[in-house]
Amino acid sequence: MVDQQKVREAVRLLLEGIGEDPTREGLLETPDRVARMYTELCGGMDHDASEHLAKTFSVSDDGLVIERDITFYSLCEHHMLPFYGKVAIGYLPNGRVAGLSKLARTVEVYARRLQLQEQLTAQIADALMEELGCRGAIVFIEAEHMCMTMRGVQKPGTKTATLARRGAFAEDPELEARFFRMLGR
């Protein structure tokens, strides 16, 4: 749970620390705005992926299920700057599938935290394995990090790609290749 009062106080101190006047007209409501923003951006701290993946449906075919181009926004835990991109999820059901919106909601649970892309990728794959009991899961994320774009090395357009493979996808390279062919990569 985000403590909005502490965030407001921290923003006021930050404004003073960078040489701004927190009492000037344009900044008067900034601490409140930032506190509300962090409540939204870090809302995943109060949620568990299991609440979204609990609702499943039985299927007779255990073929590969892929949901791709799931847009996400997260905050880098090192600089608290945004990183954003697309997630592709694949899994091999074990008699049950999750509702498609539940996969996107699972991404949101983990993305709405201070995060590392590598960790985000692994958390999604682990949640699929644990909650769905699937035979295998694969998660591919490609994202742009503002900490590389607007500060430091300043290389806009640079993308970071991460991959997590679990179960059958870790054991069978052809499954991973099939996943990427289906993504058009």
Side-chain angles (χ1 to χ4, degrees), residues 41 43-44 47-79 81-150 152-185:
L41 296 181
H47 295 283
D48 188 336
S50 64
E51 65 189 77
H52 300 295
L53 295 172
K55 177 78 172 158
T56 61
F57 306 93
S58 64
V59 293
S60 57
D61 181 24
D62 285 345
L64 177 57
V65 175
I66 294 177
E67 186 163 339
R68 59 184 278 175
D69 296 326
I70 303 168
T71 301
F72 78 94
Y73 301 90
S74 192
L75 292 173
C76 163
E77 67 182 35
H78 295 148
H79 301 99
L81 286 171
F83 68 97
Y84 56 92
K86 302 275 186 179
V87 178
I89 294 173
Y91 71 99
L92 293 166
N94 196 10
R96 303 205 56 86
V97 294
L100 295 177
S101 70
K102 304 310 182 194
L103 298 177
R105 290 184 191 282
T106 298
V107 170
E108 285 299 303
V109 164
Y110 294 113
R112 299 245 175 219
R113 301 173 178 188
L114 295 182
Q115 196 56 279
L116 296 174
Q117 182 175 332
E118 299 87 344
Q119 179 176 275
L120 174 63
T121 309
Q123 287 172 330
I124 296 166
D126 291 341
L128 293 171
M129 293 298 289
E130 291 168 22
E131 303 303 328
L132 297 181
C134 54
R135 295 180 291 123
I138 188 166
V139 177
F140 176 70
I141 298 179
E142 192 169 59
E144 184 168 347
H145 293 248
M146 296 306 288
C147 58
M148 284 196 50
T149 297
M150 64 185 290
V153 71
Q154 297 182 9
K155 297 296 179 206
T158 302
K159 298 263 182 7
T160 300
T162 50
L163 178 69
R165 299 171 298 133
R166 303 290 187 267
F169 286 97
E171 298 159 8
D172 183 354
E174 178 50 37
L175 272 175
E176 179 182 332
R178 186 167 146 215
F179 170 75
F180 282 107
R181 280 194 307 273
M182 291 176 73
L183 293 182
R185 292 186 168 265

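- To the nearest 0.5 Å, atoms CG (Leu175) and CZ (Arg178) are separated by 6.5 Å.
- Heavy atoms only, all atoms of each residue included: Met182 and Arg68 are closest at O-NH1, 3.6 Å.
- Side chain of Tyr91 to backbone of Val97: no donor-acceptor contact under 3.5 angstrom is found.
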Evaluation steps, side chain to side chain contact (heavy atoms under 4.5 Å, CB included), between Ile89 and Val107: CA-CA 9 Å; Ile89 294 173; Val107 170; 3.8 Å; yes
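- Within the 4.5 Å cutoff, the side chain of Thr149 has no heavy atoms near those of the Gln154 side chain.
- Expressed to the nearest 0.5 Å, how far NZ of Lys102 lies from NE2 of His52 amounts to 7.5 Å.
- For the residue pair Lys86/Thr71, the side-chain donor-acceptor check at 3.5 Å is satisfied.
- Contact annotation: the side chain of Leu163 never approaches that of Thr121 to less than 4.5 Å [non-hydrogen atoms, C-beta and beyond].
- A pairwise comparison of heavy atoms in Pro93 and Gly63 identifies CD-O, 3.2 Å as the closest pair.
- With contacts defined as side-chain heavy-atom distances shorter than 4.5 Å, the pair Pro82/Tyr73 does not qualify.
- Within a 6.0 Å radius of CZ in Phe180, other residues, nucleotides and ligands contribute more than 12 heavy atoms.
- The distance from the CZ atom of Arg105 to the CG atom of Leu100 is 12.0 Å, given to the nearest 0.5 Å.
- Within the 4.5 Å cutoff, the side chain of Arg165 has no heavy atoms near those of the Glu171 side chain.
- Taking both residues in full, the closest heavy atoms of Asp62 and Arg135 are given as O-NH2, 2.7 Å, listed atom of the first, atom of the second, then distance.
- Looking at Leu120 and Thr162, their side chains never come closer than 4.5 Å, going by heavy atoms from C-beta outward.
- Between Thr160 and Glu142, the side chains place no donor N or O within less than 3.5 Å of an acceptor N or O (distance only, hydrogens not considered).
- Taking CD1 of Ile141 as the start and CZ of Phe83 as the end, the distance is 7.5 Å to the nearest 0.5 Å.
- Once rounded to the nearest 0.5 Å, the distance linking CG of Leu53 with CG of Asp48 reads 9.0 Å.
- You'll find the side chain of Val59 stays beyond 4.5 Å of the side chain of Val65, heavy atoms only.
- Shown are His78, Gln117, His79; of these, the side-chain hydrogen bond (donor to acceptor under 3.5 Å, both in side chains) with His145 is made only by Gln117.
- Heavy-atom minimum distance, Phe169 versus Glu176: CD2-N, 4.0 Å.
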Pair Tyr110-Gln119, side chain to side chain contact (heavy atoms under 4.5 Å, CB included): steps then yes or no: CA-CA 9 Å; Tyr110 294 113; Gln119 179 176 275; over 6 Å; no
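- Taking the side chain as every heavy atom from C-beta outward, Thr56 and Leu132 approach each other to under 4.5 Å.
- Remark: Arg181 engages Glu174 in a salt bridge, criterion side-chain N to carboxylate O under 4.0 Å.
- Taking both residues in full, the closest heavy atoms of Cys134 and Leu92 are given as CB-O, 3.1 Å, listed atom of the first, atom of the second, then distance.
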Side chain to side chain contact (heavy atoms under 4.5 Å, CB included) assessment of Leu75 paired with Leu81: CA-CA 5 Å; Leu75 292 173; Leu81 286 171; 6.0 Å; no
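- The shortest distance between side-chain heavy atoms of Asp126 and Arg166 falls below 4.5 Å.
- Taking both residues in full, the closest heavy atoms of Ala104 and Glu67 are given as CB-OE2, 4.1 Å, listed atom of the first, atom of the second, then distance.
- The CD atom of Glu108 lies 4.5 Å from the CZ atom of Arg112; values are rounded to the nearest 0.5 Å.
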